[in-house]
Amino acid sequence: MTERFDPAQADTRWQAAWDEAQSFRADDTSSKPRSYVLEMFPYPSGRIHIGHVRNYTMGDVLARYKRMKGFEVLHPMGWDAFGMPAENAAMEKGVHPGGWTRENIANMKAQLKRLGFALDWSREIATCEPEYYGHEQALFLDLYEHGLVYRKESAVNWDPVDQTVLANEQVIDGRGWRSGALVEKRKLSQWFLKITDFAEELLEGLSTLDKWPEKVRTMQENWIGKSQGLQFRFDLSTGGTVEVYSTRPDTIFGASFVAVAADHPIAQTAATGRKDVQDFIALCKQGGTTAAELETAEKLGFDTGIKARHSFTGAELPVYIANFVLMDYGTGAVMAVPGHDQRDFEFATKYDLPILRVVAASAQEAEKPFDGESEAGDGVLVNSAFLDGMSVAEAKAAVIARAEGEGWGEGKTVWRLRDWGVSRQRYWGTPIPFIHCEVCGVVPVPKKHLPVTLPEDVDFQTPGNPLVRHPTWKHVDCPQCGHAARRETDTLDTFVDSSWYFLRFASQPGDRPFDPAKIAEWLPVEQYIGGIEHAILHLLYARFWTRALARIGKIEVKEPFGSLFTQGMVTHETYFRINDANGQPVYFAPGEVERTSEGATLRADRAPVEVGRVIKMSKSKKNVVDPDEIVATYGADAIRWFMLSDSPPERDLPWSEAGIEGCGRFVQRLWRLFAQHDPAAQGEDKAVDRKVHQTIAAIAGDIESLGFNKAVARIYELTGVIEKAAPSASRSAAIRSLLLLVAPMMPHLAEEAWATVGAGESATLVADAAWPDVDPALLVDDEVTVAVQVKGKLRDTLTVAKGTSKEELEALALASEKVQRALDGAQVRKVIVVPDRLVNVVA
RNA sequence: GCGGGCGUGGCGGAAUGGUAGACGCUGCGGACUUAAAAUCCGCUUGGGAUUCCAGUGCGGGUUCGAGUCCCGCCGCCCGCACCA
């Protein structure tokens with residue numbers, strides 16, 4: 001073996017060897033048990049980001065480990081290739097979205113290959129190719145046939161200057177990002193998927209996902225938001241009624257006004273011939289459509305002059321038009337209870353409306369004033385006639401029972417979850433396979449005409465959807481009546497693409513989306529790994545899509561991801577100087593900066609720069625590092641090792657130059673140790689044997705629970721033990737085991753060393769070698785260290801045989817000089833003994 | 001605003017309610033070397049000076065014993081339905 005490990009040549013050599021042997025190709029016909037390891041596929045932005053490296057390294061270690069444990073592993077990769085950045089590039093640089101995307105994919109694929117990931121590239125998918133999205137169109141039509149797709153009006157962000165629909169992220173402070181114009185809400189007829197039909201199922205399914213993080217399940221549960229409430233009617237002074245919904249019918253006696261959405265029929269009626277009302281409604285239409293924006297915007301209202309008659313008290317409640325009430329939510333009208341709802345409280349304060357207390361900590365506090373905010377907590381009902389003295393839950397039930405008995409309302413389950421709007425007024429997405437015919441209405445494209453492909457000749461020089469402007473693409477004949485008709489020009493939300501790609505990975509016939517038998521073999525995904533930012537939307541949509549396909553009989557599996565892991569971000573320090581002219585920071589890249597223990601200086605002028613906070617790597621803050629450069633300098637194994645070291649995988653990982661250097665050093669340290677493998681060495685070293693077997697067992701557990709940082713720490717520990725041990729057969733066996741333990745993490749180093757260490761063994765590639773066996777007899781130590789405390793404070797330790805009796809431990813502890821000194825003659829009241837762990841003497 | 005999470009040395013972190021700081025990074029000291037690199041060894045929570053005190057964001061509580069459990073704060077991060 002050479003003196004130094006040379007990653008530059010070893011990396012490419014072993015990557016080629018794996019390719020040639022097709023080591024990581026998943027075999028559908030294998031008799032081995034299956035394991036499907038999947039990481040969230042990337043958007044092809046152009047370059048692999050260090051966060052991808054972390055994500056894919058984790059999956060790779062698990063996939064390689066599973067192979068060593070004898071599983072047939074499916075570990076595929078693909079590209080979430082539709083989306084806005086390609087269109088932005090087209091507008092800014094005049095390149096075609098398709099060309100731009102495909103070039104990015106080629107670059108990123110080469111980058112991934114340089115990292116040595118054990119991926120089955122024969123199953124690579126790009127969602128922007130008709131071979132993928134054509135099947136998606138077929139599935140969309142299947143859902144349509146089963147009544148799970150429909151059209152309705154829904155609001156979008158409209159840029160009145162660019163005459164285009166904006167994504168939420170394109171709206172900055174209520175203005176269009178390019179035009180700077182004030183954004184308006186505009187209603188368009190759009191396509192929806194009936195995810196609400198699955199609300200109950202999706203909620204109940206969460207309880208089966210015991211290998212998902214608790215926090216993700218909680219977030220989804222809250223998102224689905226099942227609530228039991230009362231839908232009821234108030235009589236209006238203008239005649240007729242207003243239908244309202246409340247999840248807190250118990251607080252009905254605290255209602256002091258009624259608020260309706262700006263596009264509620266009552267508001268619309270009130271606006272006829274009233275300029276002031278029309279102006280207010282127009283004001284409500286300003287601004288974006290996001291929940292955060294709506295809820296943080298100043299609460300505005302307009303008193304219509306209409307009164308609603310309170311069902312119990314007969315009080316006349318003013319009816320306001322309010323900007324914080326949403327038409328798509330419940331009935332678009334609410335009974336406002338300022339005392340027990342914060343939004344209502346702010347509104348009431350602003351418009352000087354009564355704030356009544358109907359829930360209090362106790363009956364004695366019925367008249368207690370509010371302390372500047374509403375009180376949403378539990379308590380006892382007060383000032384509420386027949387409800388007085390009840391708990392919130394009892395009062396809810398009582399009000400619902402009364403309303404139903406008297407016929408003015410009914411208990412109703414309402415979900416926060418809304419149907420999924422999938423229409424996008426954009427080019428770079430899956431065309432929605434429908435045709436609009438003046439005679440026949442909305443007609444699905446016959447499946448035999450799929451895929452509906454995107455036209456290539458499009459122009460991005462004008463804002464708006466190029467599909468609408470295209471001279472010929474949208475003009476087709478109606479498939480039913482043959483008359484001239486128009487294609488749907490909306491494309492699908494890219495979340496649809498990522499809602500079934502894991503199925504296509506498992507099976508990819510040419511003539512249909514997948515083969516259900518193959519899906520049954522591979523699914524559910526054993527381990528899914530990705531960012532916490534996908535905790536709700538992507539994961540909920542993928543669960544929905546899977547259940548929808550199961551309901552219409554396409555597949556059997558109901559939950560796509562058996563186990564989920566959400567990894568943290570990769571972060572880095574920021575370096576900047578404040579620009580004197582405008583007070584804004586000017587950022588510098590890590591490569592431009594010399595870091596010292598005291599601070600940092602700019603290489604260019606040797607003058608200091610500020611060291612800013614450690615934050616998520618982002619181009620705008622320039623705190624990014626390029627994985628390719630790291631691989632070129634330190635090799636793939638060093639960057640992989642860094643990704644696994646130190647930080648728990650679910651937490652953020654701060655990148656540091658010193659850290660990667662340390663990883664590079666450790667690769668060489670292992671190489672030197674592997675070179676000491678001596679098959680002829682004789683003699684047994686029980687301590688080394690024990691350490692090795694304990695480490696093998698522990699690391700297997702660490703990898704299976706994705707505790708990579710712990711596995712790394714154990715490898716450091718074992719390395720230290722082997723280095724210090726005298727030569728023996730045990731030591732040589734330990735070196736061989738260590739090599740196998742690091743093989744999933746540092747596969748190139750492991751292959752290079754295996755050529756020597758594993759010479760003559762059946763597996764010629766370490767990629768095909770088996771995980772080392774554990775001798776259970778070697779897992780237990782025969783001696784243990786027991787802590788001795790006096791009144792909970794450590795005073796001594798005892799080294800005793802494992803299993804020493806309670807009585808003996810107590811005697812030994814009391815005999816300790818240190819214990820006696822700490823007791824200082826005090827009377828021993830009690831001795832707590834936990835065998836093999838500790839003795840606590842209580843005085 | 002609403003929902004979810006996190007908080008331990010100079011830094012990343014470890015610790016089934018049972019010895020807080022494993023392991024790594026940095027820094028400092030030493031060995032080897034003509035020298036450097038590489039490598040190896042030691043020290044590295046604070047205070048007090050020998051075996052003591054304090055300490056896991058802050059304030060309370062439960063317990064023989066709390067980083068871990070409970071209550072109330074503070075700070076930071078993620079998501080909020082058209083970013084992916």
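Throughout, a chain's letter reflects where its sequence line sits, starting with A, and its residues are numbered from 1.
Between the P atom of B:U39 and the CG atom of A:L673 lies a distance of 14 Å, rounded to the nearest Å. Between the CZ atom of A:R416 and the P atom of B:C80 there is a distance of 11 Å, given to the nearest Å. In this entry the distance linking CD1 of A:I224 with P of B:G4 reads 14 Å, nearest Å. Nucleotide B:A81 holds its P atom 18 Å from the NE2 atom of A:H538, rounded to whole Å. A:I536 places its CD1 atom 17 Å from the P atom of B:A84, with the value rounded to the nearest Å. Taking atom CD on A:E214 and atom C1' on B:G5, their separation rounds to 12 Å, with Å as the unit. When the C1' atom of B:A84 is taken as reference, atom CH2 of A:W428 falls 16 Å away, rounded to whole Å. The distance from atom NZ of A:K830 to atom P of B:G65 is 9 Å, rounded to the nearest whole Å.
Looking at heavy-atom distances under 4.0 Å, A:S498 makes no contact with the nucleic acid at all.
Annotation: ring-ring contact (aromatic ring centres under 6.0 Å, His included) contacts of A:Y501 (sequence neighbours excluded): A:F41, A:F505. Listed by chain and number, the residues in a salt bridge (Lys or Arg N to Asp or Glu O under 4.0 Å) with A:E184 amount to none (sequence neighbours excluded). With sequence neighbours excluded, the residues forming a salt bridge (Lys or Arg N to Asp or Glu O under 4.0 Å) with A:D702 are A:R714, listed by chain and number. The ring-ring contact (aromatic ring centres under 6.0 Å, His included) search around A:F666 returns A:W641, A:Y716, not counting sequence neighbours. Considering only residues two or more places apart in sequence or on other chains, A:Y133 meets the ring-ring contact (aromatic ring centres under 6.0 Å, His included) condition with A:F82.
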Within the sub-3.5 Å range, which N or O atoms of nucleotides 66-74 of chain B have a protein N or O partner, and how far apart are they?
none

Under 3.5 Å, which N/O atoms of the protein pair with N/O atoms of nucleotides 49-53 of chain B?
residue: B:C53; atom: OP2; partner: A:R795; partner atom: NH1; Å: 3.4

Show the distances under 3.5 angstrom between N or O atoms of the protein and N or O atoms of nucleotides 7-14 of chain B.
residue: B:G7; atom: OP1; partner: A:R651; partner atom: NH2; Å: 3.2
residue: B:G12; atom: O2'; partner: A:S647; partner atom: OG; Å: 2.6
residue: B:G12; atom: N2; partner: A:D646; partner atom: OD1; Å: 2.9
residue: B:A14; atom: OP1; partner: A:N709; partner atom: ND2; Å: 3.3

Please set out all donor-acceptor pairs under 3.5 angstrom arising from side-chain atoms of residues 835-843 of chain A, sequence neighbours excluded.
residue: A:D836; atom: OD1; partner: A:G803; partner atom: N; Å: 2.9
residue: A:N840; atom: OD1; partner: A:K791; partner atom: N; Å: 3.4
residue: A:N840; atom: OD1; partner: A:G792; partner atom: N; Å: 3.0

Side-chain atoms of residues 214-224 of chain A: list all donor-acceptor pairs with protein atoms under 3.5 Å, sequence neighbours left out, distances to 0.1 Å.
residue: A:E214; atom: OE1; partner: A:R217; partner atom: NH2; Å: 3.3
residue: A:R217; atom: NE; partner: A:L209; partner atom: O; Å: 3.3
residue: A:T218; atom: OG1; partner: A:E214; partner atom: O; Å: 2.8
residue: A:Q220; atom: OE1; partner: A:R543; partner atom: NH1; Å: 2.8
residue: A:Q220; atom: NE2; partner: A:A535; partner atom: O; Å: 3.0
residue: A:N222; atom: ND2; partner: A:T218; partner atom: O; Å: 3.4

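Residues in residues 652-665 of chain A take part in no salt bridge (charged side-chain N to carboxylate O under 4.0 Å, His left out) pair, two or more places apart or across chains.
Shown here for A:Y427 and A:E87, the closest heavy-atom pair between the two residues is N-OE2, 3.0 Å.
With distances taken from any side-chain atom of A:E533 to the nucleotides B:G4, B:G79, B:U39, the minimum falls on B:G79. Taking every side-chain heavy atom of A:R665 into account, B:C25 is the closest of B:C25, B:A81, B:C83. Set against B:G18, B:G24, B:A81, the side chain of A:V834 has B:G18 as its closest nucleotide.
Side-chain N/O atoms of A:R151 and A:S189 include a donor and acceptor closer than 3.5 Å.
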Check: Can you give the dot-bracket line for RNA chain B, where a pair is Watson-Crick or G-U wobble with both atom distances under 3.5 Å, crossing pairs use [ ], and | marks a partner on another strand?
Finding: (((((((..(((.....[....))).(((((.......))))).(((....)))..(((((..]....))))))))))))....

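Between A:F41 and A:N840, it is A:N840 whose nearest contact on RNA chain B lies nearer the 5' terminus. Residue-to-nucleotide proximity on RNA chain B shows that, of A:A658 and A:D80, the 5′-proximal contact is made by A:A658.
Base orientation for B:G42: anti, the chi torsion being more than 90° from 0.
Side-chain contact between A:V788 and A:T797 is absent, with no heavy-atom pair separated by less than 4.5 Å.
Just one of A:Y541, A:F198, A:F192 meets the ring pair (Phe, Tyr, Trp, His ring centres under 6.0 Å) condition when paired with A:W420; it is A:Y541.
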